[in-house]
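These numbers come from a predicted model, not from an experiment. Proteins get letters first, then strands, A, B, ... in listed order; numbering begins at 1 in each.
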There are 2 protein chains.
Amino acid sequence: MEIDPLIKYITRYVELTSQDIIILSQHVKIRNYLKGQYIVQQGDVCKHESFVLSGCAKTSFIDKEGDEHIVMFAIENWWTADLGSFISQEPADYNVQCLENTKVAQFSYDGLQLLYQQIPQLDRFFRMIIQHAFVASQKRVVRNFSLTAKERYLVFRNQYPDIEQRVPQYLIASYLGITKQFLSKIRAELTTQE
Amino acid sequence: MEIDPLIKYITRYVELTSQDIIILSQHVKIRNYLKGQYIVQQGDVCKHESFVLSGCAKTSFIDKEGDEHIVMFAIENWWTADLGSFISQEPADYNVQCLENTKVAQFSYDGLQLLYQQIPQLDRFFRMIIQHAFVASQKRVVRNFSLTAKERYLVFRNQYPDIEQRVPQYLIASYLGITKQFLSKIRAELTTQE
DNA sequence: AAGCTTTGTTAATCTAGATTAACCTCCTTT
DNA sequence: AAAGGAGGTTAATCTAGATTAACAAAGCTT
């Protein structure tokens with residue numbers, strides 16, 4: 001089944017009966033996006049939480065000067081959405097756009113509320129998932145304050161080597177909070193050092 | 001009861017029976033800290049999640065140069081802990097230290113696991129709490145990239161006017177990711193403008 | 001195979017914010 | 001009331017990283 005990776009992922013955290021899995025699959029929609037398509041658009045309400053089955057997407061924010069800032073990337077087995085918009089059902093601050101052709105498993109807002117009623121373990125599951133996401137986000141805040149751009153790049157490269165391969169450098173620069181020119185300079189320094 | 005504010009806070013999100021409240025209060029410990037005392041120390045395992053009943057605490061990180069970086073503040077009705085350490089039960093990255101005499105309601109790690117079994121709504125409650133915390137943390141990442149220091153200070157002042165009053169400026173500067181000297185300069189600019 | 005568009009590099013100049021250091025309050029404590 | 005410490009200000013100098021601009025390489029389209 002197409003949603004097997006999702007089931008496998010969930011059951012790493014909580015147990016699901018075969019009945020649970022049937023209910024769950026009734027409320028999950030598989031959807032394919034082409035490279036360049038938007039899963040969420042800034043200003044629209046984020047209607048789904050998406051689990052990436054294959055492909056790659058970026059979450060970003062366009063500031064008032066028109067500059068794009070990458071909030072996060074998502075590849076296989078990651079979740080993506082504008083969570084703030086999804087939970088409040090108000091207009092999204094962020095875009096989620098595919099960097100490759102991307103297949104996702106989607107929960108709609110209403111579908112997920114139903115699932116929380118019918119499969120109470122999902123409350124626990126998402127609690128644990130979000131706890132980890134929150135911890136990672138806090139660490140990123142600290143790193144942005146206490147590390148130089150070069151150090152942050154090295155941490156990123158170590159932590160997400162698979163993402164670095166798949167994503168253009170200027171987007172990585174944006175994720176790190178620096179310009180593409182400065183990232184290029186850092187990379188030049190690193191290669192001459194080795 | 002001393003834990004009434006906690007009950008009130010939880011029941012804004014989920015329903016609790018009087019039986020639930022009795023069970024809950026058996027697993028919550030009230031604790032008083034003096035100004036300057038540590039609720040969590042970097043390197044120790046974070047053993048509790050604390051809900052602030054009165055007072056004020058800072059969560060901070062000491063980097064390898066010995067400089068302190070403020071991760072967050074907590075006042076009445078906020079939660080504080082090193083969540084990463086709490087969920088993994090591994091040594092904490094952060095300190096949580098009281099800036100005033102502070103009264104908290106604490107959940108121990110084991111106590112909370114028991115409570116999750118006995119009061120399943122708590123999974124939902126904490127899911128919702130952490131979702132909001134995650135959204136706030138992501139917004140902070142974006143703000144740090146897309147706003148100047150002055151703009152970030154104004155956002156902070158607007159968002160947490162009550163915290164600004166109670167906390168020394170050099171800690172606010174650290175929270176904003178700037179030096180106390182630069183914050184002082186920003187404040188001077190703002191007062192002459194008005 | 002020529003011409004776009006997208007991605008990446010190099011280099012000169014510029015700036016937001018850091019660093020250093022001196023000084024100014026207020027509080028406590030003795 | 002003197003002395004010390006915690007918090008805050010001002011100003012000179014310095015630097016990590018931004019900005020601007022020009023060019024190079026690699027896809028794609030047609």
For a quick test of your reading: what N or O donor-acceptor pairs under 3.5 Å do the side chains of residues 7-14 of chain A make, sequence neighbours left out?
| from | atom 1 | to | atom 2 | distance (Å) |
| --- | --- | --- | --- | --- |
| A/Thr11 | OG1 | A/Ile7 | O | 2.8 |
| A/Thr11 | OG1 | A/Lys8 | O | 3.1 |

Where do A/Ala74 and A/Trp79 come nearest, in terms of heavy atoms and distance?
CB-O, 4.1 Å
Taking the axis from the first five pairs and the axis from the last five, what angle separates them in the helix from C/dA1-D/dT30 to C/dT30-D/dA1, rounded to 10 degrees?
40°
Could you tell me how far apart B/Leu183 (CG) and D/dA11 (P) are, to the nearest whole angstrom?
17 Å
All N/O contacts under 3.5 Å from nucleotides 6-8 of chain C to the protein, with atom names and distances to one decimal?
| from | atom 1 | to | atom 2 | distance (Å) |
| --- | --- | --- | --- | --- |
| C/dT7 | OP2 | A/Tyr170 | OH | 2.5 |
| C/dG8 | OP1 | A/Gln169 | N | 3.2 |
| C/dG8 | OP2 | A/Gln169 | N | 2.9 |
| C/dG8 | OP2 | A/Tyr170 | N | 3.2 |

Can you name the nearest heavy-atom pair linking A/Gln118 to A/Ile23, along with the distance?
OE1-CG2, 3.3 Å
Listed by chain and number, what are the side chain to side chain contact (heavy atoms under 4.5 Å, CB included) partners of B/Gln169, not counting sequence neighbours?
B/Leu183, B/Arg187
In residues 98-105 of chain A, what donor-acceptor pairs under 3.5 Å come from side-chain atoms, sequence neighbours left out?
| from | atom 1 | to | atom 2 | distance (Å) |
| --- | --- | --- | --- | --- |
| A/Glu100 | OE1 | A/Arg166 | NH2 | 2.9 |
| A/Glu100 | OE2 | A/Arg166 | NE | 3.0 |
| A/Asn101 | OD1 | A/Lys35 | N | 2.8 |
| A/Thr102 | OG1 | A/Cys56 | N | 3.1 |
| A/Thr102 | OG1 | A/Cys56 | O | 3.2 |
| A/Thr102 | OG1 | A/Glu100 | O | 2.7 |
| A/Lys103 | NZ | A/Glu2 | OE2 | 2.9 |
| A/Lys103 | NZ | A/Asn32 | OD1 | 3.4 |

Applying salt bridge (charged side-chain N to carboxylate O under 4.0 Å, His left out), can you list everything that pairs with B/Arg124, at least two apart in sequence or on another chain?
A/Asp123
B/Arg127 side chain to A/Phe126 backbone, donor-acceptor under 3.5 Å:
no
Could you tell me whether the side chains of A/Ser54 and A/Glu76 share a donor-acceptor contact shorter than 3.5 Å?
no
Interface residues of residues 62-70 of chain A with DNA chain C (non-hydrogen, below 4.0 angstrom):
none
What pairs of donor and acceptor atoms, side-chain ones from residues 66-73 of chain B against any protein atom, are under 3.5 angstrom apart with sequence neighbours left out?
| from | atom 1 | to | atom 2 | distance (Å) |
| --- | --- | --- | --- | --- |
| B/Glu68 | OE2 | B/Lys58 | NZ | 3.2 |
| B/Glu68 | OE2 | B/Ser60 | OG | 2.8 |
| B/His69 | NE2 | B/Asp63 | OD2 | 2.7 |

Do A/Thr179 and A/Tyr170 touch side chain to side chain, with heavy atoms closer than 4.5 Å?
no
Which atom of A/Phe51 lies closest to which atom of A/Asn77, heavy atoms considered:
CZ-OD1, 3.1 Å
Heavy-atom protein contacts under 4.0 Å, nucleotides 22-30 of chain C, coded B base, S sugar-phosphate only, - none
---------
For residues 80-92 of chain B, dump all side-chain donor-acceptor pairs below 3.5 Å to protein atoms at least two apart in sequence or in another chain.
| from | atom 1 | to | atom 2 | distance (Å) |
| --- | --- | --- | --- | --- |
| B/Thr80 | OG1 | B/Thr59 | OG1 | 3.4 |
| B/Asp82 | OD1 | B/Gly84 | N | 3.2 |
| B/Asp82 | OD1 | B/Ser85 | N | 3.1 |
| B/Asp82 | OD2 | B/Asp93 | N | 2.9 |
| B/Asp82 | OD2 | B/Tyr94 | N | 3.1 |
| B/Ser85 | OG | B/Cys46 | N | 2.8 |
| B/Ser85 | OG | B/Glu90 | O | 2.5 |
| B/Ser88 | OG | B/Gly84 | O | 2.8 |
| B/Ser88 | OG | B/Glu90 | N | 3.3 |
| B/Gln89 | NE2 | B/Cys46 | O | 3.2 |
| B/Gln89 | NE2 | B/Phe86 | O | 2.9 |

Indicate the atoms forming the closest heavy-atom contact of A/Gln37 with A/Tyr33, along with that distance.
OE1-CA, 3.2 Å
All side chain to side chain contact (heavy atoms under 4.5 Å, CB included) counterparts of B/Asp4, not counting sequence neighbours:
B/Met1
Extract from the structure each pairing of a protein N or O with an N or O of nucleotides 12-18 of chain D at less than 3.5 Å, listing the distance.
| from | atom 1 | to | atom 2 | distance (Å) |
| --- | --- | --- | --- | --- |
| D/dG17 | OP1 | A/Ala149 | N | 3.2 |
| D/dA18 | OP1 | A/Gly177 | O | 3.4 |
| D/dA18 | OP2 | A/Thr179 | N | 3.2 |
| D/dA18 | OP2 | A/Thr179 | OG1 | 3.2 |

Hey, does the Lys NZ or Arg CZ of B/Arg140 hover above the aromatic six-ring of B/Tyr175, less than 6.0 Å from the centre and inside 45° of the axis?
yes
